[in-house]
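Notes follow the structure.
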Amino acid sequence: MMEQSRRESISLKSVTVDRRLGLPSPPSFSSSDEDRSEAEHLRLAQEAGEIGTWEWDLATGRMIWSAQMFRNLGLEPGQSGDLYPVMVGALHPEDRSDTEAALAKFRSEIGAVRIEPRIIWPSGEIHWLVFLGRTLAGPDGTPNRMLGITIDSTRRRHSEDAARSAQRDSERRLHEMNERLEQLAEERARQLDASRAQVKVIFDNLPDWLTLFRATADGRFVYEDLNHATEIAYGLERNQVVGRPLEEILGAEPAQLPLRLMRACVATGENQHYSVRRTMAGITRSIDVMFARVPEKHDGDWLIMATARDLTEREAIEERLRQSQKMEAVGQLTGGLAHDFNNLLTAVIGNLELLGPRLASDPVATRFLGGAQRAAENGARLTQQLLAFSRRQHLQPRAVDLNGVITGMSDLLARTIGPTIRIETRLVPQLWPARVDPTQIEIAVLNLAINARDAMPLGGTVTIETSCLAAGDPSLPAEIGTRDCVRVSVRDTGTGMTEEVLRSAVEPFFTTKERGKGSGLGLSQVYGMIQQSDGALQIDSRPGVGTEVRLFLPRAAAAEGTDAAPQTQPQERPAGGRILVVDDDAAVREVTVSMLRQIGYGVVETDSGQGALDALARGEVYDLMLIDIAMPGLSGVETARRARERWPGLRVLYVTGFADPSGQIAPETGDTPLIQKPFRFAELREEVQRALKRPPDGARENIVPLKNRNR
């Protein structure tokens, strides 16, 4: 072969002439059987790779094409005659003159040929073809023929066109890929290039973790390559991982399962799959892993491609969802139970209070009565905890100094927790005021401290901390959103909780304590109060280490907590008055009527909203309508709304076993006209008197209709 002529590149519009590429001369055609067999094998290989071959006799101008050459030009194989004009005619008009000029130049020089013009198929499709060949010399040393191949590079050129608008780095990577794809085509797409550069070009942008392992002869699986996502997951750079066996990176015990599956993958060639939770770079993740054997050996070894997908976020969403649905269902159930129990307890407590004065002279009866009253009060507290969990308790949130609340509870906490537990407080100075019901936050802190005490039977430390978290702080839970908040943390050094226990920790009646040692409502009450206060709750616990419960509460507005001056000063009303009692529960209605009559009011009763409207329509005048919110048919709120349309001066006092569900009543004055079941004699008297002092204009309340529901 003559020495290759000097290198030269010609770029004309979309036609590229590159003489750096050298191609081996294909075998000369021979009439021998051996040569024909070799030529046939070569032809089949070229057609499999869609590689067309051509030969051009420069002396006669005659061209010989393979069948694939015709196909690459969009033509049916078999056409005879002078094929050079056929090729020129297929060239894109904009590339034709430059291509002919390049071919003319190659005809006069010995060496490599490479041009890449556009071709227009008979169907109108435009394709890019790479012509690769070599100009060969005759016996006299002058060029006498060209031999070459064509490769359809349309897809590659389209990729290049798209990549030109990308960053320079993307252009470099795309160019490397094109060069490798050309090499694969030249090697008939049969060999696998497992180099790091190829893996990165193809897979580096995948969010999944991609790792290439080499199965060595001594039975080890050594890291051959890994993508950027895997580097981040491991917390290691590539040069810290490549060349090391799997067990050195994962650890001996965690590596056992993947090693077993990779051995099976090598032995059978079948993909292997498993899911596992792993702690890497200090983060515990749920990952889904698949092993696949590369079809051919590389340098005598099998290669295993491992892909891993991080499912942690998806699992968490399916879980921050299953828990929400479960808690909502349990909340509805417990709220309904609490409502019904409150009706029962209203009748029990009310009748016991009415009975008390009649038995005052009998000490035995008084003692029994006191026991019944205490049991009823305990039942009332139980229903309050259920209402707290179902987020249907009546809260009175305002700006609260949590540092002051915790400091004021120090004696109570010390007495409750006992001498074997040390209490530490870490209260941040200048703590923002939190918007919360002060009584409920005291109960929450006390419940958490009691839980901490019970988790440390041999003694320990309870640490109560406060802190301010500005909007955007990474430690803020998603429920808080973009709001400032105040955090209260209660941490112990106790036994901790397993993941299984932690998942059920805030469910009502769930407890790990011995029978009779706890109701299982303490943490659920805290959870319900926090949810109803528009806050969030987090629990971090590990067996043998301890538990930390974090309460996130919204920051109170700057002006919140200041008392607004009353617009009017209602006049004192004389004792007595006429009250319409509306409640569908006969027992509750009976005890309510008895209490009101004992106080001195005139009372008319009815068991439905429609009955109340009928009584008002008869022209009867009432100073106050005391009505249950949740009744079948017309609800209490809807009844009051209809009544005020005709009698706007009617005063209303609402009664409910749900407190103020979903905030259907929103008085502008903040003095909610509502009494919570089960109410006591004194509470009823106080709330009725307060309601009767309100201005009878009906304009101080904003009433939203409540959907009808059965009790």
Side-chain angles (χ1 to χ4, degrees), residues 342-355 357 570-658 665 672-698 700-701 703 705-706 708 710-711:
N342 275 335
N343 279 338
L344 296 174
L345 290 169
T346 299
V348 172
I349 292 175
N351 281 298
L352 290 175
E353 284 195 310
L354 291 172
L355 186 61
Q571 297 180 353
E572 291 290 334
R573 293 179 57 84
R578 187 172 170 82
I579 299 177
L580 176 61
V581 174
V582 188
D583 198 306
D584 65 307
D585 189 293
V588 173
R589 192 171 66 250
E590 180 181 0
V591 73
T592 304
V593 169
S594 298
M595 286 181 173
L596 291 173
R597 285 175 176 165
Q598 185 166 320
I599 296 171
Y601 295 108
V603 182
V604 174
E605 59 180 291
T606 182
D607 62 358
S608 67
Q610 187 59 52
L613 295 177
D614 293 343
L616 291 168
R618 289 194 293 267
E620 301 172 4
V621 179
Y622 299 97
D623 298 282
L624 176 69
M625 180 170 68
L626 190 148
I627 186 169
D628 187 30
I629 289 181
M631 294 188 299
L634 286 178
S635 70
V637 177
E638 177 63 17
T639 301
R641 187 187 67 79
R642 295 189 185 186
R644 283 203 171 111
E645 289 178 353
R646 295 186 60 186
W647 303 282
L650 179 66
R651 298 180 181 86
V652 176
L653 173 59
Y654 295 101
V655 184
T656 183
F658 282 124
I665 308 169
T672 305
L674 182 143
I675 184 170
Q676 173 72 47
K677 296 178 184 178
F679 48 77
R680 284 73 177 169
F681 191 94
E683 288 178 291
L684 180 63
R685 178 172 54 202
E686 180 180 350
E687 291 300 328
V688 168
Q689 290 175 351
R690 181 180 301 171
L692 287 171
K693 292 177 182 178
R694 293 172 58 81
D697 54 12
R700 300 176 67 86
E701 294 175 345
I703 303 178
L706 173 69
N708 295 342
N710 292 327
R711 299 172 57 165

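Because the structure is a prediction, the values reported are computed rather than measured.
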Let me confirm one number: the OG1-CG distance from Thr656 to Asp628, rounded to the nearest 0.5 Å. 6.0 Å
Could you state the interatomic distance from CE (Met595) to CD (Glu683), rounded to the nearest 0.5 Å? 9.5 Å
Can a donor-acceptor pair be found, under 3.5 Å and without considering hydrogens, that links the side chain of [X] to the backbone of [Y]?
X      : Y      : value
Glu638 : Ser635 : no
Arg694 : Arg651 : no
Arg589 : Val581 : no
Asp584 : Ser608 : no

Can you tell if the side chain of [X] reaches within under 4.5 Å of the side chain of [Y], non-hydrogen atoms only?
X      : Y      : value
Ile579 : Tyr622 : no
Thr592 : Val655 : no
Glu620 : Arg578 : yes
Tyr601 : Leu626 : no
Phe681 : Gln598 : yes
Leu616 : Arg646 : no

Which atom of [X] lies closest to which atom of [Y], heavy atoms considered:
X      : Y      : value
Ala612 : Val582 : CB-CG2, 3.6 Å
Leu653 : Ile675 : CD1-N, 4.2 Å
Ser594 : Leu354 : CB-CD1, 3.5 Å
Ala640 : Tyr654 : CB-OH, 3.3 Å

Stepwise side-chain contact (heavy atoms from CB on, under 4.5 Å) check, Leu580 with Leu650: CA-CA 11 Å; Leu580 176 61; Leu650 179 66; over 6 Å; no
Does the distance from a Lys or Arg side-chain N to an Asp or Glu carboxylate O, for Glu645 and Arg642, drop under 4.0 Å? no
Sole residue of Thr606, Val637, Thr639 in side-chain contact (heavy atoms from CB on, under 4.5 Å) with Ile627: Thr639
Test Phe679 against Glu687 for side-chain contact (heavy atoms from CB on, under 4.5 Å), laying out the working first. CA-CA 10 Å; Phe679 48 77; Glu687 291 300 328; over 6 Å; no
How far apart are the C-alpha atoms of Asp585 and Lys677, what are their side-chain angles, what is the distance that settles it, and do they pass the salt bridge (Lys or Arg N to Asp or Glu O under 4.0 Å) test? CA-CA 12 Å; Asp585 189 293; Lys677 296 178 184 178; over 6 Å; no
Looking at Glu590, I'd like to know if its CD atom is crowded, meaning that more than 12 non-hydrogen atoms belonging to other residues, nucleotides or ligands lie closer than 6.0 Å. no
